[in-house]
Protein chains: 2
Amino acid sequence: MKKTYSIKEVATYFNLPISTIRYYDKKGLLPFVSKNTSGYRIFSKSDFGFIKTICCLKNTDMPIKDIKTYIDLCMRGISTIDQRKKMLNQHKENVLKKQRILERNLFEIETKINRYSSDDSVEIIKKQIDFVQDEKEQLHLKNPFILGRKAFFWTNNLKRSLI
Amino acid sequence: MKKTYSIKEVATYFNLPISTIRYYDKKGLLPFVSKNTSGYRIFSKSDFGFIKTICCLKNTDMPIKDIKTYIDLCMRGISTIDQRKKMLNQHKENVLKKQRILERNLFEIETKINRYSSDDSVEIIKKQIDFVQDEKEQLHLKNPFILGRKAFFWTNNLKRSLI
DNA sequence: TTAAACCCTAAACCATAGTTCATAGCAATA
DNA sequence: TATTGCTATGAACTATGGTTTAGGGTTTAA
């Protein structure tokens with residue numbers, strides 16, 4: 001009835017390497033975990049709740065140090081509710097910011113993918129390359145493309161003859 | 001008319017430390033940047049386009065190595081369009097996955113915030129603590145809370161007397 | 001009771017993404 | 001032409017988040 005869990009069971013449950021759990025413990029993230037007389041970690045069911053919270057914060061990129069701070073607040077009982085709330089609200093803002101950054105940049109990536117997928121992707125890219133090469137030439141800067149102008153046109157002609 | 005830009009101007013434009021730009025160059029992310037006879041990096045306007053792409057990939061957590069791979073593909077011209085598209089599609093999947101993870105976990109965080117914000121947050125947390133303490137006691141494991149049972153009840157009474 | 005499977009710690013090691021420092025060369029301006 | 005402010009490199013250093021290894025104890029099941 002009164003079941004406890006080994007580090008391996010916890011690792012399996014949370015799909016984490018055992019070494020990571022030991023590392024978290026060393027960093028002070030698991031002050032709630034008991035040890036038996038031989039020094040083995042003994043996890044109880046309620047520890048899973050704490051660890052789930054740790055994973056949640058980790059999944060949203062909270063640094064280990066801040067997670068420790070949060071867990072330490074939790075261990076101090078009801079008197080820290082306000083501080084915990086403040087921490088989570090700040091963290092929520094960080095996550096929202098990250099979401100906006102991902103959203104914006106994902107849109108750019110999709111734009112590129114569409115360009116690469118379009119029927120005239122080759123013509124589009126050729127024009128881009130031409131533009132860069134023209135500019136670099138005017139400024140007397142080296143042509144950054146592996147195939148220089150000549151080779152590029154040669155590829156161009158080859159492509160035509162292949163059609 | 002034919003304007004070029006110093007590393008400082010680029011750094012300012014992209015809001016990046018100069019050291020980071022040098023670091024990216026060392027890692028091979030900036031093969032398109034020229035140097036003058038004194039070894040100074042000379043950026044052209046079209047370089048800004050490449051760097052914007054680098055920032056876009058960095059903002060979505062693509063590793064430096066992979067960004068280098070992508071940029072190298074770009075420098076090889078139209079023959080690599082398919083590979084580039086594949087890379088970006090894979091990356092897009094990664095970003096979508098990250099978005100889902102953030103979404104899920106943000107929801108959990110908001111749930112916690114709401115709990116901490118509710119009128120009976122103190123009662124809720126007290127019950128949580130009680131549950132953990134009961135379980136730990138039954139399993140003969142140490143009480144992980146800083147204030148033990150007695151101290152907790154004392155706090156409890158104190159709280160009541162304060163009302 | 002013994003082998004296989006587990007668990008422990010400490011310390012070294014690794015990858016990633018930069019930053020800082022020492023030293024020195026170039027550029028613009030007064 | 002001298003000072004100030006840029007620029008360069010290489011090497012060392014930092015921080016983060018782990019993983020690996022060495023050496024050794026514990027548990028379990030046949």
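First the proteins, then the strands, lettered A, B, ... as listed; each starts at 1. Just so you know, these numbers use all the heavy atoms, side chains as well, and skip hydrogens, waters and symmetry mates.
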Which angle, to the nearest 10 degrees, lies between the helix axes at the two ends of the helix from dT1(C)-dA30(D) to dA30(C)-dT1(D), each defined by five pairs? 0°
Residue pair Val95(A) / Met62(A), side-chain heavy-atom distance below 4.5 Å: no
Acceptor/donor pairs from residues 12-32 of chain A side chains to any protein atom, 3.5 angstrom cut, sequence neighbours excluded:
| unit_1 | atom_1 | unit_2 | atom_2 | d |
| --- | --- | --- | --- | --- |
| Thr12(A) | OG1 | Lys8(A) | O | 2.9 |
| Asp25(A) | OD2 | Arg41(A) | NE | 2.6 |
| Asp25(A) | OD2 | Arg41(A) | NH2 | 3.4 |

Closer to the 5' end of DNA chain D via nearest nucleotide, is it Lys26(A) or Asn36(A)? Lys26(A)
Do Glu93(A) and Asn89(A) meet the criterion of a side-chain donor-acceptor pair at a distance under 3.5 Å? no
Between the protein and nucleotides 13-17 of chain C, which nitrogen or oxygen pairs come in under 3.5 angstrom?
| unit_1 | atom_1 | unit_2 | atom_2 | d |
| --- | --- | --- | --- | --- |
| dA17(C) | OP2 | Ile64(B) | N | 3.3 |

Are Val132(B) and Lys136(B) side-chain neighbours, meaning at least one heavy-atom pair lies under 4.5 Å? yes
Report the residues that fulfil salt bridge (Lys or Arg N to Asp or Glu O under 4.0 Å) with Glu135(B), sequence neighbours left out, ordered by chain and then residue number. none
Mind checking whether Arg104(A) and Asn59(B) have side chains closer than 4.5 Å, heavy atoms only? no
Residue pairs involving residues 101-133 of chain A (criterion ring-ring contact (aromatic ring centres under 6.0 Å, His included); sequence neighbours excluded): none
To the nearest angstrom, the CG-P distance between Asp25(A) and dT9(C) comes to 7 Å
Heavy-atom count around Lys45(B) NZ within 6.0 Å, excluding the residue itself: above 12? no
Distance check needed: dC7(C) C1' versus Ile18(A) CD1, whole Å only. 8 Å
Could you check whether any side-chain heavy atom of Ile54(A) comes within less than 4.5 Å of a side-chain heavy atom of Tyr70(A), counting everything from C-beta outward? no
If you restrict it to nitrogen or oxygen atoms, what contacts under 3.5 Å exist between nucleotides 21-25 of chain C and the protein, and what is each distance?
| unit_1 | atom_1 | unit_2 | atom_2 | d |
| --- | --- | --- | --- | --- |
| dG25(C) | N2 | Tyr40(B) | OH | 2.4 |

For Arg115(A), all residues meeting salt bridge (Lys or Arg N to Asp or Glu O under 4.0 Å), sequence neighbours excluded: none
Check whether any side-chain heavy atom of Asn105(A) sits under 4.5 Å from a side-chain heavy atom of Leu57(B), and report yes or no. no
Measure CD1/Ile21(B) against P/dT19(C) and give the value in whole Å, please. 11 Å
Find every protein N or O atom lying less than 3.5 Å from an N or O atom of nucleotides 2-5 of chain C, and list the pairs.
none

Could you pull out all residues at least two apart from Lys85(B) that satisfy salt bridge (Lys or Arg N to Asp or Glu O under 4.0 Å)? none
In whole angstroms, the gap separating P of dA12(C) from CZ of Arg22(A) amounts to 18 Å
Base, sugar-phosphate alone, or nothing: which one does Arg41(A) contact when heavy atoms must sit under 4.0 Å apart? sugar-phosphate
Assess Lys3(B) against Tyr5(B): is NZ or CZ under 6.0 Å from the centre of the six-membered ring, and within 45 degrees of the ring's axis? yes
NA contact type, Thr20(A), heavy-atom cut-off 4.0 Å: base, sugar-phosphate, or nothing? sugar-phosphate
DNA chain D: first to last nucleotide in contact with chain B (atom under 4.0 angstrom from a heavy atom), 5' to 3', is dC6(D) to dT9(D)
Please round to the nearest 0.5 Å and tell me the distance separating atom CD1 of Ile124(A) and atom CD1 of Ile81(B). 8.5 Å
Just to verify, what does Phe145(B) make a ring pair (Phe, Tyr, Trp, His ring centres under 6.0 Å) with, not counting sequence neighbours? none
What side-chain donor-acceptor pairs closer than 3.5 Å can you find for residues 71-79 of chain B, not counting sequence neighbours?
| unit_1 | atom_1 | unit_2 | atom_2 | d |
| --- | --- | --- | --- | --- |
| Asp72(B) | OD2 | Lys68(B) | NZ | 2.8 |

